[in-house]
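FYI, the numbering just counts along the sequence from 1. Hydrogens, waters and symmetry mates are skipped; everything else that's a heavy atom, side chains included, is used.
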Amino acid sequence: MIEAYLLKLIVVFIIIVVSLVVIYYSVGKYSFVKPGRSGFIKIIEIKYISKNKGFVLIDVRNSKILLSFDETGFKKLKEWSNEESSDI
C-alpha cells in the first residue's frame, strides 16, 4: 500500500519537474522579447560619479556613443564610428 503511494508520488514529482523544464525552455525560446540576444546594443562601460549621475559608453552597430545620465534623464555627449573609436 505504501509502495503504491510512494510510486504515485514519484511519478507526480517527475511529471511536475518535466512540465517545469518544458515551460522554462518554451518561454525562453518562443518569447516575443529576447533581451540581450540580438547583439545590436552592448553596454561597454558604466562610470558613476555620484549616486544617480554617471557616464555610459555603449556600442550600437557601427558606432560608440558616450551618454551622461542623471535624475533628469540621458544626454548624448559624443558619438564615434568604429573606425574613429579604435583610437579610444
Side-chain angles (χ1 to χ4, degrees):
M1 185 84 166
I2 292 178
E3 293 86 21
Y5 290 125
L6 188 61
L7 183 63
K8 286 180 184 179
L9 178 70
I10 291 172
V11 169
V12 169
F13 181 73
I14 291 172
I15 290 171
I16 290 172
V17 169
V18 169
S19 299
L20 289 175
V21 170
V22 168
I23 289 171
Y24 175 77
Y25 283 108
S26 65
V27 167
K29 186 175 181 179
Y30 299 112
S31 138
F32 294 108
V33 178
K34 295 180 179 180
R37 292 187 179 180
S38 64
F40 293 122
I41 300 173
K42 295 178 184 171
I43 297 174
I44 297 171
E45 188 171 352
I46 300 173
K47 289 287 184 183
Y48 290 94
I49 55 175
S50 69
K51 182 179 177 184
N52 292 327
K53 295 179 182 177
F55 300 101
V56 179
L57 181 62
I58 60 173
D59 185 19
V60 180
R61 293 200 176 204
N62 294 326
S63 63
K64 289 184 177 153
I65 302 170
L66 180 63
L67 304 171
S68 68
F69 64 93
D70 59 11
E71 296 87 10
T72 61
F74 285 87
K75 292 180 185 175
K76 181 176 155 183
L77 299 177
K78 188 160 182 163
E79 181 174 353
W80 300 272
S81 66
N82 274 348
E83 294 84 30
E84 295 175 36
S85 64
S86 62
D87 298 335
I88 298 175

Exercise. Please list, chain by chain and in numerical order, all residues satisfying side-chain contact (heavy atoms from CB on, under 4.5 Å) with V18, sequence neighbours excluded.
Key: I14, V22

Quiz prompt | Residues forming a side-chain contact (heavy atoms from CB on, under 4.5 Å) with K76, sequence neighbours excluded | solution = I65, L67, E79

Using distance only, find each side-chain donor-acceptor pair of residues 39-48 under 3.5 Å and give its atom names and separation, not counting sequence neighbours.
{"residue": "E45", "atom": "OE2", "partner": "K47", "partner atom": "NZ", "Å": "3.4"}

Quiz item: With F74, which residues qualify under ring-ring contact (aromatic ring centres under 6.0 Å, His included), at least two apart?
Solution: F69

Quiz item: Quick one: salt bridge (charged side-chain N to carboxylate O under 4.0 Å, His left out) partners of K51, sequence neighbours excluded?
Solution: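 With sequence neighbours excluded, K51 shows a salt bridge (charged side-chain N to carboxylate O under 4.0 Å, His left out) to no residue whatsoever.
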
Quiz prompt | Co-members of the apolar cluster containing L20 [side chain, <4.5 Å] | solution =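 V12, I16, all in the cluster of L20.
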
Practice problem: Start with the C-alpha distance between W80 and N62, add both sets of side-chain angles, then the distance that settles side chain to side chain contact (heavy atoms under 4.5 Å, CB included), and finish with yes or no. | Solution: CA-CA 9 Å; W80 300 272; N62 294 326; over 6 Å; no

Practice problem: Can you sort out the partners of S19 under side-chain hydrogen bond (donor to acceptor under 3.5 Å, both in side chains), two or more places apart, ordered by chain and number? | Solution: none

Practice problem: Only pairs at least two apart or in different chains count here, so list each side-chain hydrogen bond (donor to acceptor under 3.5 Å, both in side chains) that has a residue in residues 66-75. | Solution: D70-T72

